[in-house]
Amino acid sequence: MTDLGLAHERTRLACWRTALSTLALVLAVAHRSSGVPRLAAVIAGCCALVVLAMNRPGSAPRDGTAFAALSLATAFLSASVALTVSKSQ
Amino acid sequence: MGGVRVVVSRPERPAARERQTRFPRSVYGDGEEPDYRFSLANERTFLSWLRTSIGLVAAGGAVAVFDGPDRSALSTGLAIILTVLGGLAALLAWPRWASVERAMRRGRPLPGAAITLLGISIAIAVISTVVLAVALR
């Protein structure tokens with residue numbers, strides 16, 4: 001039981017860490033970009049915030065919604081960075 | 001004398017209700033709930049893929065930023081390749097999580113990672129080539 005509880009806690013922390021890293025990168029990108037790349041970064045930030053809200057303590061049961069949101073957040077972030085880099089060339 | 005009819009509805013079994021409400025149904029629709037620890041380990045693997053993706057995106061941004069405003073097309077290309085690879089890793093992480101979870105629920109062997117490893121190997125080869133080209137410039 002202790003093992004299961006710790007595994008759950010470790011997983012929740014990993015999810016928070018990933019979402020917070022995404023948010024930090026979103027802030028950096030949104031600060032330096034404008035237009036469509038900034039919009040993509042804002043969408044990524046919203047997805048990451050949704051994930052944080054879904055992973056609040058006591059939330060259960062788990063399913064694939066948060067994973068899909070986090071995956072989308074990172075994909076939008078990637079698109080935002082790629083557009084920013086190509087626009088600033 | 002008219003009696004009052006009381007209709008007692010039988011509560012739905014929680015497991016069946018969960019199957020209908022948990023997303024995605026293609027994963028949770030059939031099979032048995034595996035050991036929670038395995039599901040959590042699968043989730044952590046998915047999150048590791050996402051962190052790898054974030055790392056690739058951050059590296060792409062860093063290459064673009066540190067080369068300055070008048071950077072070469074090569075470093076721009078490298079930045080875009082890294083960023084696109086990050087996006088691909090993020091987009092492929094979710095189907096990978098779903099297929100592993102589905103296999104565990106159905107008691108089947110886990111899907112192989114051959115395609116993933118192949119993709120990573122190709123990506124590393126391309127990136128190494130470009131970095132070498134930048135360094136020898």
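Letters A, B, ... are given to chains in the order of the sequence lines, protein chains preceding strands, and every chain is numbered from 1. Quick caveat, the model's predicted, so the values are computed rather than measured.
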Where on Leu70(A) is there a heavy atom nearer than 4.5 Å to chain B: the side chain, the backbone, both, or neither? both
Which of Ala75(A), Ser21(A), Ala73(A), Ala68(A) touches chain B most, by non-hydrogen pairs under 4.5 Å: Ala68(A)
Do Val84(B) and Ser78(A) have side chains that get closer than 4.5 Å, going by heavy atoms? no
Check whether any side-chain heavy atom of Val81(A) sits under 4.5 Å from a side-chain heavy atom of Ile80(B), and report yes or no. no
Under 4.5 Å from any heavy atom of chain A - which part of Trp97(B): side chain
How long is the span from the [atom1] atom in [X] to the [atom2] atom in [Y], to the nearest 0.5 Å?
{"X": "Asn42(B)", "Y": "Phe67(A)", "atom1": "CG", "atom2": "CZ", "result": "8.0 Å"}
{"X": "Ser71(A)", "Y": "Trp49(B)", "atom1": "OG", "atom2": "CH2", "result": "12.0 Å"}
{"X": "Glu43(B)", "Y": "Arg10(A)", "atom1": "CD", "atom2": "CZ", "result": "12.0 Å"}
{"X": "Leu77(A)", "Y": "Ile54(B)", "atom1": "CG", "atom2": "CD1", "result": "7.0 Å"}
{"X": "His8(A)", "Y": "Arg37(B)", "atom1": "NE2", "atom2": "CZ", "result": "13.5 Å"}
{"X": "Asp3(A)", "Y": "Tyr36(B)", "atom1": "CG", "atom2": "OH", "result": "14.5 Å"}

Please check if [X] and [Y] belong to a single hydrophobic cluster, counting links between Ile, Leu, Val, Met, Phe, Trp and Tyr side chain heavy atoms closer than 4.5 Å.
{"X": "Val29(A)", "Y": "Leu23(A)", "result": "no"}
{"X": "Leu27(A)", "Y": "Leu25(A)", "result": "no"}
{"X": "Leu110(B)", "Y": "Phe46(B)", "result": "no"}
{"X": "Leu20(A)", "Y": "Leu49(A)", "result": "yes"}
{"X": "Val85(A)", "Y": "Val26(A)", "result": "yes"}

Could you tell me whether the side chain of Thr11(A) and the main chain of Arg44(B) form a donor-acceptor pair under 3.5 Å? no
Closer than 3.5 angstrom, by distance alone: can the side chain of Thr74(A) be matched with the main-chain N or O of Leu50(B) as a donor-acceptor pair? no
Option that, when pairs with chain A are counted at under 4.5 Å, heavy atom only, ranks first among Leu91(B), Leu85(B), Leu47(B): Leu47(B)
Which residue out of Leu56(B), Val57(B), Leu40(B), Val65(B) racks up the most heavy-atom pairs below 4.5 Å with chain A? Leu40(B)
Minimum heavy-atom separation for Thr83(B) to Ala82(A), with atom names? CG2-N, 3.5 Å
Around atom CZ of Arg32(A), are there more than 12 heavy atoms from other residues, nucleotides or ligands closer than 6.0 Å? no
